[in-house]
Amino acid sequence: MGTRTFRDRADAGQALSVLLDAEEFSEDVLVLALPRGGVPVAAEVATSLHAQLDVLVVRKLGVPRQPELAMGAIAGGGAMVVNEDVIRAEKVNSVELQQVITEEQRELQRREQLYRGNAPPARIHGRSVIVVDDGVATGATMRVALEVVHRYDPTHVVAAVPVAPASSRVELQELVDALVCVSTPRRFLGVGASYARFEQTTDEEVRSTLAEAAARHRRDQ
């Protein structure tokens, strides 16, 4: 478990692709990106594996007084995980928790409509699924994403992230058939600390990347 700094998210996706052997997967592979930051990473993985790319919209539940600290996460279909340890440590009461959940549910619905429109989500059942984000901190977002994926009975589930602390790696490995991670810093300072460039990915970049990936996948069929 080494430490690496990535130039940007595309570089991180290419590094992940080296560790994902196409021969280990069936031809029917689905790469699911966690938007927004996971999309440019996942696009590189999907291109390398000649796989379909889609998004799985998950929203972090940030602590009210420290939004970057996750106390849980939600996804479509009512999936939710909460970190009771963080909630207790940060003294978040039930009213504050529900306010954050309500706000993030609105944003989740907005993004699903924006990114996918009326198109249905990609089929998960019976496929090898690789869930990709630009990094993991507490692991709450990835855990709820994996909960959603497992509901649809995939044949094989992989979590793939460029960077994660050792503690989150241990927790996530119990939820997947395989965990692929490039960098595990001894002193984890946050996902962005592992990138030379870590600008926020925009909604338009997400839509453009998904459109390009869909066109490429159609050509490959």
Side-chain angles (χ1 to χ4, degrees), residues 1-4 12-13 15-26 28-35 37-38 41-42 45 49 51 54-63 68-90 97 101 104 121-122 124-191 194:
M1 295 188 293
T3 300
R4 172 170 172 176
L16 270 180
S17 299
V18 172
L19 301 181
L20 289 162
D21 186 351
E23 294 182 358
E24 295 182 4
F25 300 98
S26 67
D28 197 10
V29 181
L30 171 64
V31 177
L32 283 178
L34 303 189
V41 182
V45 172
L49 297 177
D54 198 4
V55 290
L56 177 56
V57 182
V58 178
R59 293 295 299 166
K60 177 176 68 178
L61 302 176
V63 171
E68 289 304 310
L69 177 60
M71 58 181 174
I74 60 171
M80 179 171 67
V81 296
V82 294
N83 189 321
E84 296 290 353
D85 292 338
V86 172
I87 289 172
R88 281 193 297 269
E90 298 299 321
L97 175 60
I101 291 172
E104 293 302 339
I124 292 175
H125 176 77
R127 304 179 76 175
S128 293
V129 179
I130 305 172
V131 185
V132 180
D133 203 356
D134 56 6
V136 161
T138 66
T141 303
M142 181 60 76
R143 283 199 301 275
V144 75
L146 294 172
E147 177 185 322
V148 172
V149 169
H150 281 297
R151 289 181 180 184
Y152 294 94
D153 196 25
T155 58
H156 191 74
V157 180
V158 175
V161 292
V163 58
S167 58
S168 293
R169 287 187 62 147
V170 171
E171 293 175 2
L172 292 175
Q173 281 171 337
E174 299 177 356
L175 305 177
V176 292
D177 296 296
L179 172 67
V180 178
C181 180
V182 179
S183 178
T184 304
R186 288 187 178 181
R187 186 180 177 212
F188 183 78
L189 300 176
V191 172
S194 290

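Treat the numbers as computed from the prediction; the structure is a model and nothing was measured.
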Looking only at non-hydrogen atoms, find the nearest pair between [X] and [Y] and report the distance.
{"X": "Val41", "Y": "Pro162", "answer": "CG1-CG, 4.0 Å"}
{"X": "Pro35", "Y": "Ala33", "answer": "CD-O, 3.2 Å"}
{"X": "Asp133", "Y": "Gly37", "answer": "OD1-C, 4.4 Å"}
{"X": "Ala122", "Y": "Asp54", "answer": "N-OD2, 2.9 Å"}
{"X": "Leu179", "Y": "Val176", "answer": "N-CG2, 4.0 Å"}
{"X": "Ser194", "Y": "Val163", "answer": "OG-CG2, 3.3 Å"}

When rounded to the nearest 0.5 angstrom, what is the spacing between [atom1] in [X] and [atom2] in [Y]?
{"X": "Phe188", "Y": "Ser167", "atom1": "CZ", "atom2": "OG", "value": "8.5 Å"}
{"X": "Ser128", "Y": "Leu30", "atom1": "OG", "atom2": "CG", "value": "9.5 Å"}
{"X": "Asp85", "Y": "Glu90", "atom1": "CG", "atom2": "CD", "value": "11.5 Å"}
{"X": "Leu172", "Y": "Cys181", "atom1": "CG", "atom2": "SG", "value": "9.5 Å"}
{"X": "Leu34", "Y": "Arg59", "atom1": "CG", "atom2": "CZ", "value": "11.5 Å"}

Contact check, side chains of [X] and [Y], non-hydrogen atoms, under 4.5 Å:
{"X": "Pro154", "Y": "Val149", "value": "yes"}
{"X": "Leu16", "Y": "Val182", "value": "yes"}
{"X": "Leu97", "Y": "Ile87", "value": "yes"}
{"X": "Leu32", "Y": "Ile124", "value": "yes"}

Mind running side chain to side chain contact (heavy atoms under 4.5 Å, CB included) on Val86 and Leu69 for me, showing each step along the way? CA-CA 8 Å; Val86 172; Leu69 177 60; 4.0 Å; yes

Please say whether more than 12 non-hydrogen atoms of neighbouring residues, nucleotides or ligands are located less than 6.0 Å from CZ in Arg187. no

I'd like to know whether CD of Glu68 has more than 12 heavy-atom contacts from other residues, nucleotides or ligands below 6.0 angstrom. no

Between [X] and [Y], is there a donor-acceptor pair closer than 3.5 Å when you use the side chain of the first and the backbone of the second?
{"X": "His156", "Y": "Val29", "answer": "no"}
{"X": "Ser17", "Y": "Gly13", "answer": "yes"}
{"X": "Asp177", "Y": "Val157", "answer": "yes"}

Acceptor/donor pairs from residues 134-146 side chains to any protein atom, 3.5 angstrom cut, sequence neighbours excluded:
residue, atom, partner, partner atom, Å
Asp134, OD2, Arg9, NE, 3.0
Asp134, OD2, Arg9, NH2, 3.3
Thr138, OG1, Ala140, N, 3.3
Arg143, NH1, Thr138, O, 3.2
Arg143, NH1, Glu171, OE1, 3.2

For a side chain to side chain contact (heavy atoms under 4.5 Å, CB included) check, start with the C-alpha distance between Val161 and Val132, then their side-chain angles and the critical distance, and finish with the verdict. CA-CA 6 Å; Val161 292; Val132 180; over 6 Å; no

Derivation of the side chain to side chain contact (heavy atoms under 4.5 Å, CB included) call for Ile101 and Leu61: CA-CA 7 Å; Ile101 291 172; Leu61 302 176; 4.0 Å; yes

Can a donor-acceptor pair be found between the side chains of Arg127 and Thr155 at a distance below 3.5 Å? no

